[in-house]
Amino acid sequence: MDLLKHLHEDTLTDVFGTREMRSPAPTEFIPKGKTAPEVAYQMVKDETYPQTQPRLNLATFVTTYMDDYATRLMNEAINVNYIDETEYPRVAVMCGRCINIIANLWNTPEKAEWKTGAVGIGSSEACMLGGVAAWLRWRAKRKAAGKPCDKPNLVMSAAYQIVWEKFCQLWQIELRTVPLDEKHPTLNIEAALGLCDENTICIVPIAGVTWTGLNDDVEALDKALDAYNRKTGYDIPIHVDAASGGFILPFLNPGKKWDFRLRWVQSISTSGHKFGLVYPGLGWVVWKDKKFLPEEMSFSVNYLGASITQVGLNFSRPAAQILGQYYNFIRLGFEGYREIQQNSMDIAAYCHRAIGEMTCFRVFAKEVVNPLFIWSLDPAYEKRAKWTLFDLQARLQQSGWMVPAYTMPAAIEQTIVMRIVVRQGMSRDMADMLLQDICNAVGEFETLKYPTQSRLKYEKNEKQKGKVYTH
């Protein structure tokens with residue numbers, strides 16, 4: 001690829017008239033020469049062309065729309081490294097302001113001017129920081145009491161996000177999970193406490209379960225845990241994984257107690273790039289008070305002429321997302337966030353109602369408590385169907401939609417469900433188009449003479465369990 005050729009011979013050649021457009025893209029070795037920027041741009045852009053457009057990706061929780069000023073502000077800061085606090089001190093100040101705002105949204109009791117928290121690349125890093133803090137506090141208490149600290153465990157529902165499995169593997173902590181079932185679609189508190197012992201570093205309820213869209217009852221857990229700790233003499237705390245709910249509950253259900261108003265909630269993590277409405281990646285973790293953040297988690301580094309104290313797993317990290325979060329807080333305010341989240345909830349409820357009214361489907365929950373929900377095939381319909389929800393996922397993808405089908409977690413893993421996540425950028429008209437595409441797909445499936453390959457595979461698995469199907 002020769003830039004001089006483009007400069008001298010192909011100056012007036014259209015991008016799609018260049019030889020690069022009729023040659024395969026590099027897959028193993030870096031090209032020997034240069035390529036004109038407009039050609040390189042088009043080659044990379046074309047690689048993404050067949051993909052689902054981000055706003056039609058109803059599988060992701062991640063923000064896919066921000067207004068023009070937010071996008072401009074973040075693009076202008078794309079070359080700023082947050083960790084360079086000496087060079088970019090105002091970014092650190094804005095980060096501290098964001099932590100203050102989030103902590104107060106979660107009703108922090110901390111009186112310090114700067115609340116105790118940290119920024120993360122996403123909610124995964126924020127979860128890990130909350131988990132590490134709980135583990136270090138537990139370990140310090142065990143050592144001070146002269147007790148062994150080699151068998152820590154963590155308790156949460158089986159509907160956990162994969163970061164908790166990673167955390168437990170990396171820090172050698174036993175992950176004790178409570179299965180979901182039809183009677184307990186959220187965390188079974190009694191069962192959770194039954195898994196606790198003196199080695200439990202914390203219990204992790206979820207506000208906005210990714211599998212189902214439901215919320216664990218944090219207030220009920222706190223009350224039961226308070227009685228449990230008094231009875232046993234333990235002081236097991238709560239870390240709330242509020243990756244989604246952390247930016248939903250404060251605006252749509254501010255009276256609900258799930259946050260620092262509860263005695264045993266000592267830390268909360270959330271995702272700024274989900275319902276915080278910022279492009280990826282951004283996460284936040286806040287502690288109830290500075291005393292709950294172990295000192296050994298704060299690293300002081302002599303970097304570029306300054307002593308920087310940092311809490312985080314990553315060192316370098318983008319500043320643009322922090323500016324985007326602070327911009328949203330200023331631009332939208334409480335009322336703006338409430339309106340956007342309410343719109344998402346209303347559209348999710350509209351889709352939930354419409355899908356629930358289709359005879360072939362059964363929604364998992366009676367109401368929508370976060371802007372997402374799941375559904376399965378109706379059991380009676382499923383017995384005679386020639387298709388599965390995996391077929392519906394593939395059919396919708398042909399129209400540009402990404403609506404995931406998947407099996408549920410342990411104990412109910414035989415159930416196949418689909419999920420819709422409604423985010424800023426999803427309109428009522430888009431919802432109507434999606435629902436029509438679902439109806440059209442179901443209509444086509446109901447004319448099938450023979451089962452799909454997905455259905456045959458499903459029946460094979462079910463027959464091994466003793467079930468019989470006829471068509």
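All values derive from a computational prediction rather than experimental measurement. Values below: every heavy atom of this structure, side chains too, minus hydrogens, waters and symmetry copies.
Between Asp222 and Lys257 no salt bridge is recorded (no basic side-chain N to carboxylate O distance below 4.0 Å). Under a 4.0 Å N-O distance rule, the pair Lys223/Glu219 does not qualify as a salt bridge. Under the 4.0 Å criterion applied to side-chain N and carboxylate O atoms, Arg230 and Asp226 are assigned as salt-bridge partners. A salt bridge does not link Asp197 with Lys151: every distance from a Lys NZ or Arg NE/NH1/NH2 to an Asp or Glu carboxylate oxygen is 4.0 Å or more.
A perpendicular orientation is assigned to the rings of Phe167 and Trp164, their planes being inclined by more than 60° (bins at 30° and 60°). Using a 30° and 60° split on the angle between ring planes, Trp258 and Trp106 fall in the perpendicular class, above 60°. Ring pair Phe251/Tyr337 is parallel by interplanar angle, where below 30° counts as parallel and above 60° as perpendicular.
A donor and an acceptor atom, one from each side chain of Arg428 and Tyr350, are located under 3.5 Å apart. A side-chain donor from one of Arg97 and Tyr326 sits under 3.5 Å from a side-chain acceptor of the other. Side-chain contact, Glu339 with Asn343: no donor N or O sits under 3.5 Å from an acceptor N or O.
Between atom CG of residue Leu277 and atom OG1 of residue Thr64 there is a gap of 10.5 Å, rounded to the nearest 0.5 Å. Interatomic distance, Arg455 CZ to Thr388 OG1, rounded to the nearest 0.5 Å: 8.0 Å.
Among the candidates Val204, Val155, Leu154, the single residue satisfying the side chain to side chain contact (heavy atoms under 4.5 Å, CB included) test with Leu175 is Leu154.
When every heavy atom of Leu225 is checked against every heavy atom of Trp264, the shortest pair comes out as CD2-CB, 4.0 Å. Here the closest non-hydrogen pair linking Trp284 and Cys98 is CH2-CB, 3.5 Å.
The closest donor-acceptor contact from the side chain of His273 to the backbone of Leu282 lies under 3.5 Å.
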